[in-house]
Each structure stands twice: as C-alpha cells, then as structure tokens.
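Below: one structure, written as structure tokens.
As a basis for the values below, the full set of heavy atoms in this structure was taken, side chains included, without hydrogen atoms, waters or symmetry mates. For reference, positions follow the sequence shown, starting with 1.
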Amino acid sequence: MSSRWPMNRPKPRFAKSFKLFSETKGSFTIEASFVLPLILLSTLSLLFLALYVYQTSSAFQNAGIAADRAAFIWDNSKKDAITGDYSIDKDDGLYWRIHSDSMSDLFRFLIPNAAAQISLPVSSSSNGTGPEGKMQKIGGTLSSGWSGRMRYVNSGFSREVTVDLEKPFRSPTFMMSKLQKNVSSEAAAQVVDPVESIRLIDLTRSFIQEIQGRIKPNAALKTMVEPKSLPEPGAVITNHESAANYLRTLVNGKEQALKVNGSTTRIVDALDANKVAHQAYYSFNESQLRKVQMPKDAELLRDGSQVTGVVWHFFKLSKQDKVKLSNGFRQELERQGIVVVIHE
C-alpha cells in the first residue's frame with residue numbers, strides 16, 4: 001500500500017524559502033545598485049587623479065621656464081623677460097658682478113647672510129639691476145594664481161636661481177586623504193656667463209705670459225722702499241683755464257685751432273703728439289655741449305685727418321664733491337666715439 005501526500009495539506013515552510021532564493025527576477029537591479037556606485041566613484045577618482053597630475057606637471061613646467069628665463073637674463077637686466085631681446089646700447093655696466101650679484105654670499109661661512117629672494121606672486125615687474133630686481137622681472141611673467149618664492153645664491157663658481165611654486169588643489173571629500181591639498185614644484189637653473197669666462201681665461205693666460213720672468217722676488221722687494229721725498233701737492237682746479245693748463249701738462253700737449261669745415265673752427269685745449277684732442281670742462285651746460293661742441297668733435301673724428309681721437313675731461317667744481325654729468329649724455333658721447341674722463 002503506497003502512501004501519498006494529501007492534496008489539501010500545506011507544503012513545508014522551507015520549500016517556500018527555497019523558491020524565493022531561486023527566483024531570478026530583480027537580480028540585475030540589485031547587482032547594479034552595488035556595482036554602479038563603485039564604477040562612479042572609481043571614474044571620479046581617476047578624473048581627479050588626472051587633474052592632480054596635470055596641475056603638478058603645470059607647476060613643474062612653469063617653475064622650470066621661470067628659472068631658465070631668470071638664468072638667461074642674469075648678465076643683463078635690460079633683456080626682455082620672455083624673448084631675451086635687448087638694445088645693444090643698454091646693459092648693466094662692466095662691474096655689475098661686483099656690486100649687483102650678491103657677492104656677500106661668498107662670505108656666508110664667516111658672516112650669516114640670507115640668500116636674495118622674493119615672494120610670489122609679485123605685484124608688478126621691476127627694472128632693478130640687482131638680484132631681487134631681476135627675479136621680480138621674471139616673477140611678473142608668472143600667473144597670479146601661483147604662489148611661492150624665487151631665490152638666488154652666488155657660491156662663486158656656481159650661481160643658481162631656484163623657483164618654488166605651489167597652488168591649492170580642491171579635491172572631493174573621499175579623495176582628501178589620498179591627494180595633497182596643494183600642488184607644488186621646485187626647479188633650479190645655473191647662471192652661466194661664457195663671455196666673462198672666456199675673458200678671464202684669456203686675461204689670465206696673457207697676464208701670466210707677460211709677467212713670467214720679468215722680475216725676480218728679490219728685485220721686487222727692493223722696489224718696495226719708502227720714498228725719499230714727499231710727492232708734490234695735486235693741482236688745484238678752480239676754473240677752465242687752470243683745468244686746461246693741467247691737461248696740457250698731463251698729456252704734454254698744446255692748444256690748437258682745428259678747421260672743422262669752411263666756416264667752423266674748433267679750439268682744442270691740448271693736442272698731444274698722437275693727435276688725440278683733449279678738451280677740459282669745468283663749468284658746462286649739457287644742452288650747449290650737445291648742440292654745439294659734440295657735433296664739431298664728431299665731425300673731426302669722422303674726417304680723421306686732423307685728430308685720431310677725442311677725450312673730454314670733466315672737472316668737479318670746487319664747491320662740489322661730484323661731477324654732475326648725466327648718464328644719458330655720457331652714453332651719447334660714447335656712441336659718437338668721444339672718450340669721457342671724470343676728474344673728482
């Protein structure tokens with residue numbers, strides 16, 4: 001006799017639970033509710049990571065370009081900060097390396113000395129010839145969004161410009177622990193001066209060859225003796241005539257009248273044996289010299305038959321400590337081929 005489950009008897013509870021778990025309806029929605037947020041967060045994380053890498057690369061690029069530009073214009077502050085272009089008659093002078101190149105850095109081992117530096121961003125560009133002025137000129141080319149500093153260190157054989165840049169980076173809350181709050185970079189460039197290096201090497205080689213064997217140590221010591229007589233007092237210059245007499249004695253020259261053209265004559269205070277015209281100026285007016293005297297001497301130089309050179313000697317007034325000669329007029333004279341000598 002076989003036994004069967006009664007048709008009207010309820011099925012066991014575990015059978016209903018098994019049917020619920022084996023059902024596939026709605027499974028895609030449940031899986032998507034777990035997977036899609038992970039994909040979205042991963043995508044956003046990659047996007048912000050890419051932005052962070054881009055901002056860091058931009059910081060390195062800007063810092064490197066600023067350092068290279070500063071090193072390139074270091075030998076002449078008149079150069080354009082971006083192109084490096086400059087006028088041939090504009091420079092920092094011959095001795096800028098002594099008074100405008102942080103020479104005090106060489107004595108840091110004796111006296112504590114902070115390196116020359118500026119803060120970024122700068123409010124405006126500068127035309128200064130010192131280290132700070134040159135760095136401010138380059139700092140003016142950087143975007144105001146960058147902050148940081150520029151510094152310059154002169155170690156003698158090594159001169160270096162360093163640029164530190166940073167900018168805030170805003171990332172979502174869930175990424176703050178992974179990414180830094182600021183992007184930053186540092187770049188440095190060496191200041192090279194090939195013209196000065198070649199000049200020093202050539203001077204050293206020439207100087208050593210010239211003095212080698214010229215004088216012995218014993219002979220040099222014999223020359224270092226006390227003078228037996230007092231030197232004559234210096235000449236006292238109180239007017240143009242005394243200045244002209246001093247020049248004639250100094251260069252062993254004579255006063256000479258030179259014909260500039262058919263209607264113009266130039267009186268030279270002292271013409272030496274080499275046909276170099278020396279002119280004395282005690283009290284003068286730059287406007288009158290520019291309009292009247294300078295054209296005459298420029299014409300004599302161009303002609304070249306009566307003079308081989310022209311030297312203007314400026315003497316200070318007895319009540320003054322310095323000769324009041326403007327740099328613009330002095331450069332104009334030098335462009336005309338006229339040598340300027342200051343007597344103070």
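Here salt bridge (Lys or Arg N to Asp or Glu O under 4.0 Å) pairs that include residues 258-282, with residues two or more places apart or in two chains, are Arg266-Asp297. A salt bridge (Lys or Arg N to Asp or Glu O under 4.0 Å) check over residues 73-82, counting only residues at least two apart or in different chains, returns the pairs Asp75-Lys79, Lys78-Asp92. Pairs passing the ring-ring contact (aromatic ring centres under 6.0 Å, His included) check and including a residue from residues 137-171, sequence neighbours excluded, read Tyr52-Phe169, Trp74-Tyr152. The salt bridge (Lys or Arg N to Asp or Glu O under 4.0 Å) analysis of residues 300-315, with sequence neighbours excluded, yields the pairs Glu299-Arg302.
Side chains of Phe284 and Gln293 form no contact here, defined as non-hydrogen atoms less than 4.5 Å apart. Annotation: side chain of Met294 is not in contact with side chain of Leu289 (no heavy-atom distance under 4.5 Å). Contact of the Val161 side chain with the Lys134 side chain is not registered, since no non-hydrogen atoms from C-beta on lie closer than 4.5 Å. Within the 4.5 Å cutoff, no side-chain heavy atoms of Thr162 are placed close to those of Arg149. Between Met150 and Val163, some side-chain heavy-atom pair lies under the 4.5 Å cut-off. Contact annotation: the side chain of Ser318 approaches that of Tyr282 to within less than 4.5 Å [non-hydrogen atoms, C-beta and beyond]. Between Glu255 and Ile267 there is a side-chain heavy-atom pair separated by less than 4.5 Å. By the 4.5 Å heavy-atom criterion applied to side chains, Lys167 and Leu165 are not counted as neighbours.
Hydrophobic clustering keeps Val311 apart from Leu247 (ILVMFWY residues linked when any side-chain heavy atoms are closer than 4.5 Å, directly or through intermediates). At a threshold of 4.5 Å between side-chain heavy atoms, the hydrophobic network of Ile, Leu, Val, Met, Phe, Trp and Tyr places Leu301 and Phe329 in one connected group. Put simply, Val251 and Phe315 are part of the same group of oily side chains (I, L, V, M, F, W, Y) that touch within less than 4.5 Å, one to the next. Under a hydrophobic clustering in which Ile, Leu, Val, Met, Phe, Trp and Tyr are joined whenever their side-chain heavy atoms come within less than 4.5 Å, directly or via other members, Val340 and Tyr246 fall into different clusters. The same ILVMFWY cluster, assembled from side-chain heavy atoms under 4.5 Å apart, contains both Phe72 and Ile118.
The line from OG of Ser197 to CG of Asp202 is 12.5 Å long, rounded to the nearest 0.5 Å. Here Ile39 contributes atom CD1 and Leu44 contributes atom CG; the two are 12.0 Å apart, rounded to the nearest 0.5 Å. Here the straight-line distance linking atom CG of Leu40 with atom OG of Ser45 works out to 9.0 Å at 0.5 Å rounding.
Across all non-hydrogen atoms, the minimal contact from Leu325 to Arg330 is CD2-CB, 4.2 Å. Among all heavy-atom pairs drawn from Ser184 and Thr56, the shortest one is O-CG2, 4.4 Å. Contact record, Asn274 with Thr308: O-OG1, 2.7 Å, taken as the closest heavy-atom pair. Closest non-hydrogen pair, Met135 versus Ala116, comes out as CE-O, 3.5 Å. Across Ile237 and Ala243, no two heavy atoms sit closer than the pair CG2-CB, 3.7 Å. Minimum heavy-atom separation, Ser102 to Pro131: OG-CG, 3.3 Å.
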Practice problem: Give the intermediate values and the outcome of side-chain contact (heavy atoms from CB on, under 4.5 Å) for residues His240 and Ser283. | Solution: CA-CA 7 Å; His240 175 268; Ser283 60; over 6 Å; no

Quiz prompt | Pair His278-Leu250, side-chain contact (heavy atoms from CB on, under 4.5 Å): steps then yes or no | solution = CA-CA 10 Å; His278 298 266; Leu250 182 66; over 6 Å; no

Exercise. Report the C-alpha separation of Thr141 and Arg69 in whole Å, then their side-chain angles, then the decisive distance to 0.1 Å, and conclude whether the side-chain contact (heavy atoms from CB on, under 4.5 Å) test is met.
Key: CA-CA 10 Å; Thr141 64; Arg69 285 174 174 173; 3.9 Å; yes

Practice problem: List the steps and the verdict of side-chain contact (heavy atoms from CB on, under 4.5 Å) for Arg159 and Asn154. | Solution: CA-CA 5 Å; Arg159 297 181 293 167; Asn154 183 357; 3.2 Å; yes

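In this structure, Arg248 pairs ionically with Glu241, as a charged nitrogen and a carboxylate oxygen lie closer than 4.0 Å.
Remark: Arg151 pairs with Asp164, Glu186 by the salt bridge (Lys or Arg N to Asp or Glu O under 4.0 Å) rule, at least two apart or across chains. Remark: Thr264 pairs with Val260, Asn261, Lys296 by the side-chain contact (heavy atoms from CB on, under 4.5 Å) rule, at least two apart or across chains.
Distance alone, capped at 3.5 Å, places no donor-acceptor pair between the Gln306 side chain and the Leu258 backbone. The closest donor-acceptor contact from the side chain of Ser58 to the backbone of Tyr54 lies at 3.5 Å or more, if one exists at all. Judged by distance alone, with hydrogens and angles left aside, the side-chain atoms of Ser143 form a donor-acceptor pair with the main-chain N or O of Gly145 at under 3.5 Å.
The environment of Asp89 atom CG is dense: over 12 non-hydrogen atoms of other residues, nucleotides or ligands sit within 6.0 angstrom. Under a cut-off of 6.0 angstrom, the local environment of CG in Asn285 is crowded, with over 12 non-hydrogen atoms contributed by other residues, nucleotides or ligands. By the neighbour-count criterion of 12 heavy atoms within 6.0 Å, atom CZ of Arg205 is sparsely surrounded, having that number or fewer from other residues, nucleotides or ligands.
In this structure, a donor-acceptor pair under 3.5 Å is absent between the side chains of Ser242 and Asn245.
Ring-plane geometry between Tyr281 and Phe314 is classed as parallel, the angle between the planes falling under 30 degrees on a 0 to 90 degree scale with a further cut at 60.
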